[in-house]
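Have a look at the structure below before the remarks.
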Amino acid sequence: SLLQLKLWNKYRVSNIPSLIFIDASTGKVVCRNGLLVIRDDPEGLEFPWGPKPFSEVVAGPLLRNNGQTLDSSALEGSHIGVYFSAHWCPPCRSLTRVLVESYRKIKEAGQKFEILFVSADRSEDSFKQYFSEMPWVAVPYADEARRSRLNRLYGIQGIPTLIVLDSKGDVITRQGRVEVLNDIECREFPWHPKPVLELTDSNAVQLNEGPCLVLFVDSEDDGESEAAKQLIQPIAEKIIAKYKAKEEEA
């Protein structure tokens, strides 16, 4: 029915079963990964399962691939990429190769940036093998509860996913994978979302994430695409501002 379709679209459901908790008084989403919640907290001790600050969810020791540990408080004041990935997944491995270069470029440019690897590997050994290629930090593989809490916090439905946070721990973009692949030189870092994008192979994935307006123009005529962009840019900015005021994702 139309109502069912509206609900699927509103909550961006892409696979089932899917369990989403909302706050009835405001209609806001409290938690996207309800299935993980009931698996991790069958007694309901953490009810009402609302989002916690990143710093609270990540709290604890982190690893470097040389075996050193550091406390998660060392991330404070940096932009952070929270990287959900696994060695068994080919798109993850190809993104990791690009991301290693991006990470170096951003650090060499003097930016405060750290990446946190949250593994979905199937064993400690494959985690260690994969992590050995990464110059950043990771949640220890054995700390399954913390890995699961981070998956819950960001409603992760597939990998690879790179969530980019500002220095306060607020989400800048959930589309870090697209941004990294589209901006090899990292000129746009930290990748604040643009109201209007040019459609490419790598960002087409966003068409699955919610309502989109696609405008077709004559690609032979450069003036036409620029005029079209100027036409829709202010409309897009207005829509984004409206959602931002409601503290919702546009």
Side-chain angles (χ1 to χ4, degrees), residues 1-54 56-58 81-92 95 116-122 139 141 143-165 169-179 193 197 199 201-214 239-240 242-244 246-250:
S1 76
L2 188 61
L3 177 62
Q4 285 170 316
L5 194 63
K6 277 184 171 170
L7 286 167
W8 277 69
N9 285 336
K10 179 174 173 63
Y11 297 115
R12 301 203 308 277
V13 175
S14 56
N15 49 11
I16 54 170
S18 195
L19 177 61
I20 294 167
F21 294 116
I22 59 174
D23 178 341
S25 60
T26 62
K28 281 192 180 159
V29 172
V30 174
C31 172
R32 283 192 181 283
N33 274 18
L35 295 171
L36 278 183
V37 167
I38 54 177
R39 190 197 76 186
D40 293 352
D41 184 23
E43 307 287 310
L45 301 176
E46 292 178 40
F47 182 82
W49 304 303
K52 297 188 166 87
F54 169 74
E56 189 180 317
V57 176
V58 79
V82 189
Y83 184 36
F84 297 86
S85 186
H87 190 261
W88 53 261
C89 145
C92 292
L95 178 61
L116 174 67
F117 172 41
V118 183
S119 166
D121 289 292
R122 290 172 178 154
V139 176
Y141 185 79
D143 195 342
E144 201 176 328
R146 193 160 30 140
R147 289 191 289 126
S148 187
R149 281 199 301 272
L150 284 158
N151 273 278
R152 264 163 49 194
L153 179 62
Y154 297 115
I156 302 303
Q157 295 199 340
I159 55 172
T161 294
L162 178 67
I163 310 259
V164 183
L165 310 179
D170 296 327
V171 174
I172 292 175
T173 179
R174 300 177 58 87
Q175 299 293 340
R177 175 193 184 184
V178 172
E179 297 292 356
L197 294 172
L199 192 58
D201 284 353
S202 57
N203 67 24
V205 61
Q206 289 171 249
L207 296 172
N208 296 330
E209 301 247 322
C212 296
L213 173 71
V214 183
I239 291 169
I240 285 176
K242 187 182 93 178
Y243 279 95
K244 208 167 189 172
K246 288 200 275 185
E247 289 182 10
E248 286 178 11
E249 279 186 58

Evaluate side chain to side chain contact (heavy atoms under 4.5 Å, CB included) for I20 paired with V29, printing each intermediate quantity in order. CA-CA 7 Å; I20 294 167; V29 172; 4.1 Å; yes
Before giving the answer on side chain to side chain contact (heavy atoms under 4.5 Å, CB included), spell out for V214 and L207 the whole-Å C-alpha distance, their side-chain angles and the decisive distance to 0.1 Å. CA-CA 9 Å; V214 183; L207 296 172; 4.1 Å; yes
Trace of the side chain to side chain contact (heavy atoms under 4.5 Å, CB included) decision for F84 with N151: CA-CA 8 Å; F84 297 86; N151 273 278; 3.7 Å; yes
When you look at W8 and I16, which way does the side chain to side chain contact (heavy atoms under 4.5 Å, CB included) test go after all the steps? CA-CA 11 Å; W8 277 69; I16 54 170; 3.4 Å; yes
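Qualifying salt bridge (Lys or Arg N to Asp or Glu O under 4.0 Å) partners for D41, counting only residues two or more places apart in sequence or in other chains: none. For K244, the salt bridge (Lys or Arg N to Asp or Glu O under 4.0 Å) test picks out no residue, with sequence neighbours left out. In this view, R39 and S148 satisfy the side chain to side chain donor-acceptor pair (under 3.5 Å) rule, not counting sequence neighbours. Among residues two or more places apart in sequence or in another chain, the side chain to side chain donor-acceptor pair (under 3.5 Å) test is passed with T26 by none. Legend: residues meeting salt bridge (Lys or Arg N to Asp or Glu O under 4.0 Å) with R146, ordered by chain and number and at least two apart, are D143. Every residue two or more places apart in sequence or in another chain that forms a side chain to side chain donor-acceptor pair (under 3.5 Å) with S119 is listed here: D121. By the salt bridge (Lys or Arg N to Asp or Glu O under 4.0 Å) test, D40 is found to be paired with R152, residues two or more places apart in sequence or in another chain being considered. V30 is linked by a side-chain contact (heavy atoms from CB on, under 4.5 Å) to F21, D23, P51, counting only residues two or more places apart in sequence or in another chain. With sequence neighbours left out, the side-chain contact (heavy atoms from CB on, under 4.5 Å) criterion links L5 to N9. By the side-chain contact (heavy atoms from CB on, under 4.5 Å) test, D201 is found to be paired with no residue, residues two or more places apart in sequence or in another chain being considered. Partners of E56 by side chain to side chain donor-acceptor pair (under 3.5 Å), not counting sequence neighbours: none found. Taking the side-chain contact (heavy atoms from CB on, under 4.5 Å) definition, one finds that A24 meets it with nothing, sequence neighbours left out.
Distance check: L153 CG to C31 SG gives 9.0 Å after rounding to the nearest 0.5 Å. In this structure, OG in S85 is found 9.5 Å from CG in L162, a value given to the nearest 0.5 Å. Put simply, SG on C92 and CZ on F117 are 8.5 Å apart, with the number rounded to the nearest 0.5 Å. Separating the CZ atom in R177 from the CG atom in N203 is a distance of 11.5 Å, to the nearest 0.5 Å. Taken to the nearest 0.5 Å, the CD1 atom of I159 stands 10.0 Å off from the CD1 atom of I156. A distance of 8.0 Å separates CG in D170 from CG in L165, rounded to the nearest 0.5 Å.
Contact between P160 and C89 at its shortest, heavy atoms only, is CD-SG, 4.1 Å. Taking both residues in full, the closest heavy atoms of P17 and L35 are given as O-CD1, 3.0 Å, listed atom of the first, atom of the second, then distance. Among all heavy-atom pairs drawn from Y141 and R122, the shortest one is OH-C, 3.3 Å. Shortest non-hydrogen contact noted between G155 and N33 is CA-OD1, 3.3 Å. Q157 approaches S18 most closely through the heavy-atom pair NE2-OG, 4.2 Å.
For the pair W88 (side chain) and A120 (backbone), a donor-acceptor distance under 3.5 Å is present. Side chain of R32 to backbone of Y11: a donor-acceptor contact under 3.5 angstrom is found.
A cation-pi arrangement is absent between R174 and Y154, since the terminal nitrogen or guanidinium carbon is not both under 6.0 Å from the aromatic centre and inside a 45° cone about the axis.
Salt bridge R149/E46: absent, no basic N to carboxylate O contact under 4.0 Å.
With F54 as the fixed residue, the side-chain contact (heavy atoms from CB on, under 4.5 Å) test singles out one of V171, L116, I163: L116.
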